[in-house]
Colleague: 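Let me begin by handing over the structure; questions about it come next.
Just so you know, residue 1 is the first one in the sequence shown, and it goes up from there.
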Amino acid sequence: MTVPVLRPPAAELDLTPAYASWSRRVVAALLDSAVLGAITWFAVGDGSASPTLQPTFDMGATPQSAGTPWTSSLVLVGALLAMLVLQGLTGQTPGRRAMGVAVVRATPDGLPLDGRPGVLRSVGRWFAHLLDAILLIGYLRPLWHRERRTFADGLARTVVVRRPRWPMEHDTADAVRRRRARAVTVGAYVLVVVGVLAGVRWGQSGGTERLAQAECGLTEQTRGLAVTVDGAALVLDREWRDDLRLWPTLSGHRAARPATLALELSWRDVAPSGDPSRQLEVRTTTAAGTSEHSVDVTAGWTRIPLEQVRAGTVDVEVLVDGRLLTTCSTAVPTVPGDGGGVEE
């Protein structure tokens, strides 16, 4: 006896997929941006912008980061191209797969065709998104457009439609293809989870790191000037910044500026006169030349950047009311374990 295989009515098979809602498209775009943000962080660390499938005219401004443009990294350019190729060959990216939407070719009237957009169309659609970036009107257009298309969709003749995340039981594909489709969906979920954990910046911390310091031994101070210098030192500092993410911090991913050299000087005004015109003059002499810096005597502390100094010796003279108070001389400090001083 042959038992007929019951199949759902054609209406339930959803042979003509519905257009994807604007909210699904936005969430899918955010998930894809998170995946690209994670690739950026793993590849180049903090301090670099990440690519996006929704480009703007500023390649350095993205939700993930603002800094070095992503176009300066071949890894990031390759990551974006890989996303566009994946979209062209399958119609989906990790974020779109997780949200159950896909980009497909469309008829001139906007009706979806069951065909992948193709790599060239996918790349062209990315460039066409720059038209959507004008005041973001194109990105908002699916809210009121009948086929829920952006300007890029219209130019590329594509639409974004709903697609099931998981193969249906009534799918005519064989069991191997269904298992493969489920594996692809699981892989997409893994990528977007890693993207949210590692690619989304939830905050930022930063500070200044003291790399090295060299005390400058002061000579005997001139009496009768009513000012006493308590200490002088050459300091080598570096500013750093960490993006706060849910993923555990990786070593070497701290964004740091080049080290800076400065002279820090502290003193006491032992007989305050209340005269705001009294100045403490600090004269520094290096291989790059001599420079002078003046500060109010009542300040008690100053930091003088030495921007042109990379190595060698720094000679310091401290004067009050034009009279020499004290001097000192010391070598530019070096970072322990490093053969040089200030970075170029």
Colleague: Would you call S73 and T40 a side-chain contact if the rule is heavy atoms closer than 4.5 Å?
Modeller: no
Colleague: Is the backbone N or O of E307 less than 3.5 Å from a side-chain atom of R310, with the two atoms forming a donor-acceptor pair by type?
Modeller: yes
Colleague: Between A133 and P55, which heavy-atom pair has the shortest distance, and what is it?
Modeller: CB-O, 3.6 Å
Colleague: Quick one, L86 and Q92 - any side-chain contact, counting heavy atoms below 4.5 Å?
Modeller: no
Colleague: Below 4.5 Å, heavy atoms only, C-beta onward: do L76 and S50 meet side chain to side chain?
Modeller: no
Colleague: I'd like to know if the side chain of T222 reaches the main chain of L324, judged simply by a donor and an acceptor atom lying under 3.5 Å from each other, with no hydrogens or angles considered.
Modeller: yes
Colleague: Around L111, counting heavy atoms of other residues, nucleotides and ligands shown, do more than 12 lie under 6.0 Å from its CG?
Modeller: yes
Colleague: Under a 3.5 Å threshold, yes or no: a donor from one side chain and an acceptor from the other, between H145 and R149?
Modeller: no
Colleague: Can a salt bridge be assigned to the pair D230 and R268 using a cut-off of 4.0 Å between side-chain N and carboxylate O?
Modeller: yes
Colleague: Contact between R121 and R125 at the side-chain level, heavy atoms closer than 4.5 Å - yes or no?
Modeller: no
Colleague: Please check: side-chain N/O of R303 versus main-chain N/O of E264, any donor-acceptor pairing under 3.5 Å?
Modeller: no
Colleague: Is the number of heavy atoms from other residues, nucleotides or ligands within 6.0 Å of CZ (R157) greater than 12?
Modeller: no
Colleague: Does R25 use its side chain to pair, donor to acceptor, with the backbone of R148 at less than 3.5 Å?
Modeller: yes
Colleague: Roughly how far, to the nearest 0.5 Å, is the CH2 atom of W70 from the CG atom of L36?
Modeller: 9.5 Å
Colleague: Can you list the residues that meet the salt bridge (Lys or Arg N to Asp or Glu O under 4.0 Å) rule with R180, with sequence neighbours excluded?
Modeller: none
Colleague: So, the side chain of T52 versus the backbone of S33: is there a donor-acceptor pair under 3.5 Å, distance only?
Modeller: no
Colleague: Just do the side chain to side chain contact (heavy atoms under 4.5 Å, CB included) check on V104 and R163 with the steps written out, would you?
Modeller: CA-CA 11 Å; V104 298; R163 283 286 172 82; 3.6 Å; yes
Colleague: D315: which residues meet the salt bridge (Lys or Arg N to Asp or Glu O under 4.0 Å) condition with it, sequence neighbours left out?
Modeller: none
Colleague: Quick one: does R24's side chain have a donor or acceptor within less than 3.5 Å of a partner on A20's backbone?
Modeller: no
Colleague: Looking only at side chains, do R97 and T185 share a donor and an acceptor under 3.5 Å apart?
Modeller: yes
Colleague: Tell me which one of V160, V27, T150, L140 satisfies side-chain contact (heavy atoms from CB on, under 4.5 Å) with W22.
Modeller: L140
Colleague: Output, in order, the C-alpha distance, side-chain angles, deciding distance and verdict of side chain to side chain contact (heavy atoms under 4.5 Å, CB included) for Q221 and T228.
Modeller: CA-CA 7 Å; Q221 302 185 34; T228 300; 3.9 Å; yes
Colleague: Any sub-3.5 Å donor-acceptor pair from D132's side-chain atoms to F151's backbone N or O?
Modeller: yes
Colleague: With a cut-off of 6.0 Å (strictly less than), are more than 12 heavy atoms of other residues, nucleotides or ligands near CH2 of W202?
Modeller: no
Colleague: Pair W267, L325 - check side chain to side chain contact (heavy atoms under 4.5 Å, CB included), show working.
Modeller: CA-CA 11 Å; W267 65 91; L325 175 61; over 6 Å; no
Colleague: Looking at Q279 and V320, would you say the former's side chain and the latter's main chain have a donor-acceptor pair under 3.5 Å?
Modeller: no
Colleague: Restricting to non-hydrogen atoms, name the atom on F42 and the atom on A198 that form the minimum distance, rounded to 0.1 Å.
Modeller: CZ-CB, 3.7 Å
Colleague: Using a 6.0 Å cut-off, check whether atom CZ of R146 has over 12 heavy atoms from anything other than its own residue.
Modeller: no
Colleague: Would you name the heavy atoms of L84 and S122 that are closest together and state the gap between them?
Modeller: O-OG, 2.9 Å
Colleague: Within a strict 4.5 Å, meaning less than it, do heavy atoms of the L261 and P333 side chains meet?
Modeller: yes
Colleague: Would the number of heavy atoms belonging to other residues, nucleotides or ligands and lying under 6.0 Å from CG of L131 be above 12?
Modeller: yes
Colleague: Going by side-chain heavy atoms closer than 4.5 Å, which hydrophobic residues are tied to L136, directly or by a chain of links?
Modeller: Y139
Colleague: Between atom CG of L197 and atom CH2 of W41, what is the distance when rounded to the nearest 0.5 Å?
Modeller: 10.0 Å
Colleague: Using a 3.5 Å distance criterion without hydrogens, assess whether the side chain of R238 forms a donor-acceptor pair with backbone atoms of E209.
Modeller: no
Colleague: Take the angle between the ring planes of Y189 and W166 and call it parallel below 30°, perpendicular above 60°, tilted in between.
Modeller: parallel
Colleague: Does any non-hydrogen side-chain atom of I39 lie less than 4.5 Å from one of M83?
Modeller: no
Colleague: Measure across D296 and R278 and return the closest heavy-atom pair with its distance rounded to 0.1 Å.
Modeller: OD1-O, 3.4 Å
Colleague: Of all heavy-atom pairs between E292 and R283, which one has the smallest distance, and what is that distance?
Modeller: OE2-NE, 3.1 Å
Colleague: Tell me the closest heavy-atom pair linking W301 and S266, and the distance in Å.
Modeller: CD1-CB, 3.9 Å
